Amino acid sequence: MKIAIIGGGPAGLYAAILLKKQRPQAEITVHERNRADDTFGFGVVFSDATLDNFEKYDPPSYRRITQEFAYWDDIAVHFRGTVHRVGGNGFCGCSRRMLLLILQERARELGVTLLFETDIDDESRFTDADLVVLADGINSRFREKYVDHFQPEVDLRSNKFAWMGSTKPLDAFTFIFQETEWGPFIAHAYQYETGRSTWIFETDAETFAKAGLEGLHERQSADRMAEIFGWFLDGHPLLTNRSMWRNFPMIRSRRWVKGNMVLLGDAKATAHFSIGSGTKLAMEDAIALSDAMAQKYEHGRREEVEKTQHAADVSLVWFEHVDRFWDFDPVQFAFGVMTRAKAITYDNLTLRAPEFVREVDRAFAKQVRANGFDVDLDKPVPPMFQPLKLREMELKNRAVVSPMCMYSAKEGVPGDFHLVHYGSRAIGGAGLMLTEMTCVGRDARITPGCTGLWNDEQQAAWTRIVDFVHANSAAKIGLQLGHAGRKGATRLMWEGMDRPLEQGGWDTVSASPIPYFPDSQVPREMDRTAMDRVKAEFVAATERGNACGFDMLELHCAHGYLLASFISPLTNTRSDDYGGTLANRLRYPLEVFAATRAAWPAHKPMSVRISATDWVEGGIAGDDAVAIARAFGEAGVDLIDVSTGQTVRDAQPVYGRMFQTPFSEQVRNEARVATMCVGNITTSDQINTILAAGRADLVALGRPHLVDPSFTMRAAARYGADIACPPQYLPGKEQIFRNSVRDRQDFDDLKIKGKPKTRAELKAEATKPLAAE
Ligand SMILES: Cc1cc2nc3c(=O)[nH]c(=O)nc-3n(C[C@H](O)[C@H](O)[C@H](O)COP(=O)(O)OP(=O)(O)OC[C@H]3O[C@@H](n4cnc5c(N)ncnc54)[C@H](O)[C@@H]3O)c2cc1C
Ligand SMILES: Cc1cc2nc3c(=O)[nH]c(=O)nc-3n(C[C@H](O)[C@H](O)[C@H](O)COP(=O)(O)O)c2cc1C
C-alpha cells in the first residue's frame, strides 16, 4: 500500500505515524515544502483529555512530548487591575517546533519517508498512491483546487490577531483584558517551556486602526504590544516569527473525502485559538483517520470536530464582543470568561474553585443590594435565588414559568385545568409565572382552545387563578397578551400545530396578506381601521388584566403572531408607513405598546417578548433585536423576553443547550435593558451560570415546568436557599431540604473522588519534597 501525505504539520506527521504503525508494510511519504526545523508559531496547548488520547495511540511520542511539557492547572483573568485565578483546568503546553521535531523523529524511526523542501502543486504525481492525505494547512491549495467538491465555507472574522512569543514565565493560562486609549486589547498567554511563553494578541478592527497597527512591520507591532502589556511583561521582550496580524478564518468543509484523497487538520476545518484547539484537532483527525481509513473517516469524525468547532465559535464570538462586558464587575467578568463556551458552569466551578464562586455570589448580591434589597453579602444565596425588582413588583427569585399555551380553554375561558396548572407551578416556587398567550379578541385566538380576556366570564376565571396564586404562594403572575395574526384559526397543538382548522375557523389579519403554509388561509392586510380596532382590544384586555390583579403585563411581539408579523421583513411587505425600514415596521407594535402602557398602572412593570432572530437569511437577526429592544426601552419597557424564530416555516434554527441565551446576552448588554432568556435551559446550574455571567436578569423555563411544577423548590433545596412554601406542604419541604443538602454533598464528593488527577497535580506531587519523619 502506498500513502502520500502532503504537509508535514502536526496532522500530516501524526497521520504518518499512526498509519505506519497500523500497516508496517505500507510505503508512506510525507511531502513538506519547508525545511525540517523551519516552523512558525510558538507553543501549542493540549488538555489532559487530549493527552490521554495520545498516550493510548502512540506511547513513545506521547512520552517524549510530555517530557518537554509545561503544565498548569489555573486560568488567570486580569481585568481592570484585578486578577481572578480558577484552578482545576489541567492543561499542558509545549513548543510547536519541539512537537514537530519529536513527530518527525518518531515517523522516521517507524520507517516513514520525510521529504522536506518539496512543494507539491499537483497531486496527479501520486496516481499510484492508494491514499493521498491533504494535510496542507489552513490555506490548503488542494481544498481550493477541488472547491466544488469539498465546498468549504470560509467566514473571515472581524477581529485582528497575531501570534508572538516571550521569555516571560507564566504559571497559569493567562487572559489579560487591557483598556487602552484606542480601545480594548486582549492577550491570551501561556508558558510552553522553561523561559518561553506564547502570546496571542487580539483586538477589534477599529481599535487596531486607531492604535496605528496598520502597515507596521512585525517588529514595530511587537514593540507596540510590548508598550501596552509592558506592565505585565516585566521587561521580558516579545519575540516574533511570522507574527503578522490577520483575521481568523472559520472554515467548515461540506465534504472531507474525494475518491482516495482526504482532507486533514486545518485544511478541513479550523477552531478558534481561544480554546487552544488547532493542533489538538489536527492530531485527533489523524487518530480518526487511522481508526477508520478514508471511507469511514468523515462519518466517524464529523460529530466530534463539529462539537469542538461549535465550542470554539462560541468562544470566538465572546472575544469579538468583549466590549459588551467591559463595564462589568471584574469578578463577574472573569466568571464570564470562564463560562463563555458552555462546558464550564457555576456548579462545576463551585467544585474546583469554591472561593472564586463565593466571590461571584458576593458581587452579584452586592448589585442586588444596590437595587434596594437587604440581602446577605456575607453568605449570599446563588444568583437564581436573589430577588429582582421591576417597577414595584418584587420577585423572590429569578426562575420563571415561560408562557405556554395549554389549548384547553372553552370560548377563551380558563377552567379547572388552568387553575391546577398555574396554581401548582406557583406553589412549586417559581419567582414569576407568565400566562399562556391570552388573546385580546375571539378572532385573535390561535386555536379554539386558547384563553382570552375580552369578556366578563374570562375576567372572572382569570381573577380566580390570580387570587389563588397570590393567596397560596410568593409567586408573581404576569399576563401575556397577544393576537395570533396569520397563525390564527389553526388546530390544537396535538391535532396539527399551525395547520389551518378544517371547520369552525374565522377570518385572519396580518401585516401583509402572506399565508403561513401555502394552504393556510390568506390573511387580510390590516388597514388603519383594523389597526385601531385591535389596538383598542389590547387596551381593553389590559384594563381587564389589571382588574384581575395580574402583577405584570407582557406584550407578545414574537413567534410570527400579529405584532411580530409587522416587525419581520419576511412577513411585512407593506408599502405604507408601517412597512419598509425597521423603524416603520416597529411603528404599530410600538403604538400598541404605548396604548397598553398608558392603560396599565405605572407601578406595574411591562415586558415585551421578541423573536431576536428569524433564523432565515434576510430576516431579523441579533443586531435588529438590539434596535428593537432599544425602541421598546425608550417607550418604557421594563424587560425584554428574548425568544427566537417561529416567524416562517422554512427557518433553520440552530438548537442546542441554552441556544437562545446568546441573543439575550447581546440584547441585555448592548441595548442596556433587563432581559429574560429562555430556550432549552433545563437545570438550576445553567440558570446560575447565565445569571452570574450577566447574560440575562431572569431565566424562563417552558418544557421543564410542564413535567416538574416544583422545579424551583427542588433547586432551592439543592442550594440550601430558603423559599416560600404553603403551610400544608411544610413537612415535604423540610424533608427535601434535609436530604438535598446531604445528597448534593455525597454527589460532589463522588465527583471529586472520581475525577482523575490532572497532570499538573501529578507533577506537583512527584516533585514535592518528602515530609521529614
Ligand atoms: C502564524 C501561525 C502561528 C501559529 N501558532 C500556533 C501556536 O503557537 N500554537 C498553536 O497551537 N497553534 C498555532 N497555530 C495554529 C496551528 O498551527 C494549526 O491549527 C495546526 O498546526 C494545524 O495543523 P495542520 O497539520 O493541519 O496544519 P499546519 O501546521 O499548517 O501544517 C501544514 C503543513 O503543510 C505544508 N504545506 C502546505 N502546502 C504545501 C504544499 N503544497 N506542499 C508541501 N507542503 C505544504 C506547510 O508548510 C505546513 O508545514 C498557528 C497558526 C499560524 C498560521
Ligand atoms: C406547549 C407549548 C406552548 C407554548 N406557548 C407559548 C405561548 O403561549 N406564548 C409564548 O410566548 N411562548 C409559548 N411557548 C414557547 C415557550 O414559552 C418557550 O419559549 C419555549 O418552549 C422554549 O423554552 P423551553 O426550552 O424551556 O421549553 C410554548 C411552548 C410550548 C412547549
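Side chains included, hydrogens not; waters and symmetry mates left out as well; all remaining heavy atoms used. Counting starts at 1 for both ligands and their atoms, in listed order. Computed from a predicted model, the values in this text were never measured in an experiment.
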Q: Taking the side chain as every heavy atom from C-beta outward, state whether L134 and F150 have any atom pair closer than 4.5 Å.
A: yes

Q. Salt bridge check: are R141 and D121 linked by an N-O gap of less than 4.0 Å?
A. no

**Q.** Option of least heavy-atom distance to atom 46 (C) of ligand 1 (set: M164, E32, K268, M244)
**A.** E32

Q: For side-chain contact (heavy atoms from CB on, under 4.5 Å), just list the numbers for W615 and T644, CA-CA rounded to whole Å, side-chain angles, deciding distance to a tenth of an Å, and then say yes or no.
A: CA-CA 8 Å; W615 298 111; T644 68; 2.9 Å; yes

Q. Where the side chain of H483 meets the backbone of G485, is there a donor-acceptor pair that is under 3.5 Å apart?
A. yes

Q) Nearest protein heavy-atom contact for atom 29 (C) of ligand 2: which residue, which atom, what distance? A) M404 CG, 3.7 Å

Q) Are E218 and R242 within salt-bridge range, i.e. N to O under 4.0 Å? A) no

Q. What pairs with R246 under salt bridge (Lys or Arg N to Asp or Glu O under 4.0 Å), at least two apart in sequence or on another chain?
A. none

Q | Any N or O of G702 closer than 3.5 Å to N or O of ligand 2 | A | yes

Q) Under 3.5 Å between some N or O of ligand 2 and some N or O of S643? A) no

Q: Can you pull out the closest protein heavy atom to atom 31 (C) of ligand 2? Residue, atom name and distance to 0.1 Å, please.
A: R703 CG, 3.8 Å

Q.
Quick check on H559 - does any of its heavy atoms sit under 4.0 Å from an atom of ligand 2?
A. yes

Q. Any heavy atom of K280 sitting closer than 4.0 Å to ligand 1?
A. no

Q: For F593 and F632, run ring-ring contact (aromatic ring centres under 6.0 Å, His included): C-alpha distance rounded to whole Å, both residues' side-chain angles, the deciding distance at 0.1 Å, then the answer.
A: CA-CA 8 Å; F593 177 83; F632 281 111; 5.7 Å; yes

(Q) Considering both backbone and side-chain atoms of G12, is one of its nitrogen or oxygen atoms within less than 3.5 Å of a nitrogen or oxygen in ligand 1? (A) no

Q: Using a distance threshold of 4.0 Å (strictly less than), state whether atom 20 (C) of ligand 2 has a protein heavy-atom neighbour.
A: no

Q: Output the list of atoms in ligand 2 that are nearer than 4.0 Å to some heavy atom of G679, sorted by atom number.
A: 22 (C), 23 (O), 25 (O)

Q: Would you mind running through ligand 2 and noting each atom that sits below 4.0 Å from a heavy atom of L701?
A: 26 (O)

Q: For H556, take its heavy atoms, then give the atoms of ligand 2 lying under 4.0 Å from any of them.
A: 9 (N), 10 (C), 11 (O)

Q) Which residue supplies the protein heavy atom nearest to atom 18 (C) of ligand 2, what is that atom called, and how far is it? A) S402 OG, 3.6 Å

Q. Taking both backbone and side-chain atoms of L706, is any N or O found less than 3.5 Å from an N or O belonging to ligand 2?
A. no

Q) What atoms in ligand 1 come closer than 4.0 Å to a heavy atom of T118? A) 42 (N), 43 (C)

Q: Could you see which bit of P704 sits under 4.0 Å from ligand 2, with heavy atoms only: side chain, backbone, both or neither?
A: side chain

(Q) Under the criterion ring-ring contact (aromatic ring centres under 6.0 Å, His included), I'd like the reasoning laid out for Y14 against F54: C-alpha separation, chi angles, the key distance, then a yes or no. (A) CA-CA 10 Å; Y14 206 49; F54 295 168; 5.5 Å; yes

Q | Protein contact of atom 23 (O) of ligand 2 - nearest heavy atom, named by residue and atom, plus distance | A | V678 CG2, 3.4 Å

**Q.** Salt bridge D708-R425, side-chain N to carboxylate O under 4.0 Å
**A.** no

Q) Given F161, which of F319, F273, W199 fulfils the ring-ring contact (aromatic ring centres under 6.0 Å, His included) condition? A) F273

Q: Find all atoms of ligand 1 within a distance of less than 4.0 Å from any non-hydrogen atom belonging to G137, and give their numbers and elements.
A: 27 (O), 30 (O), 32 (C)

Q. What's the spacing between R398 CZ and I690 CD1 if we round to 0.5 Å?
A. 13.0 Å

Q. Relative to each other, are the rings of W494 and Y407 parallel, tilted or perpendicular (30° and 60° limits)?
A. perpendicular

Q. In Å, rounded to the nearest 0.5 Å, how long is the span from CZ of R33 to CD1 of I120?
A. 11.0 Å

(Q) Taking the six-membered ring of F46 as reference, does the cationic atom of K280 (NZ for Lys, CZ for Arg) lie under 6.0 Å from its centre and within 45° of its axis? (A) no

Q: Just need the protein heavy atom nearest to atom 14 (N) of ligand 2, so name the residue and atom and give the distance.
A: P403 O, 3.3 Å

**Q.** Which residue and heavy atom of the protein sit nearest atom 5 (N) of ligand 2, plus the separation
**A.** C405 N, 2.8 Å

**Q.** Nearest candidate to atom 9 (N) of ligand 2, where distance is taken over non-hydrogen atoms, out of M437, Q480, E436
**A.** Q480

Q) Between W163, Y192, Y190, which one has a non-hydrogen atom sitting closest to atom 12 (N) of ligand 1? A) W163

Q. At what distance, to the nearest 0.5 angstrom, does CG of N34 lie from CG of L100?
A. 10.0 Å

Q: Just need the protein heavy atom nearest to atom 10 (C) of ligand 2, so name the residue and atom and give the distance.
A: R609 NH1, 3.2 Å

Q: Report yes if T198 has an N/O atom closer than 3.5 Å to an N/O atom of ligand 1; otherwise report no.
A: no

Q | Note: D266-K268 ion pair, threshold 4.0 Å (strictly below) | A | no

Q. Taking both backbone and side-chain atoms of R33, is any N or O found less than 3.5 Å from an N or O belonging to ligand 1?
A. yes

Q.
Counting non-hydrogen protein atoms only, what is the nearest one to atom 1 (C) of ligand 2? Give residue, atom name and distance.
A. M493 SD, 3.6 Å

Q: Out of G165, G43, A269, A286, indicate the one that has the non-hydrogen atom closest to atom 8 (O) of ligand 1.
A: G43

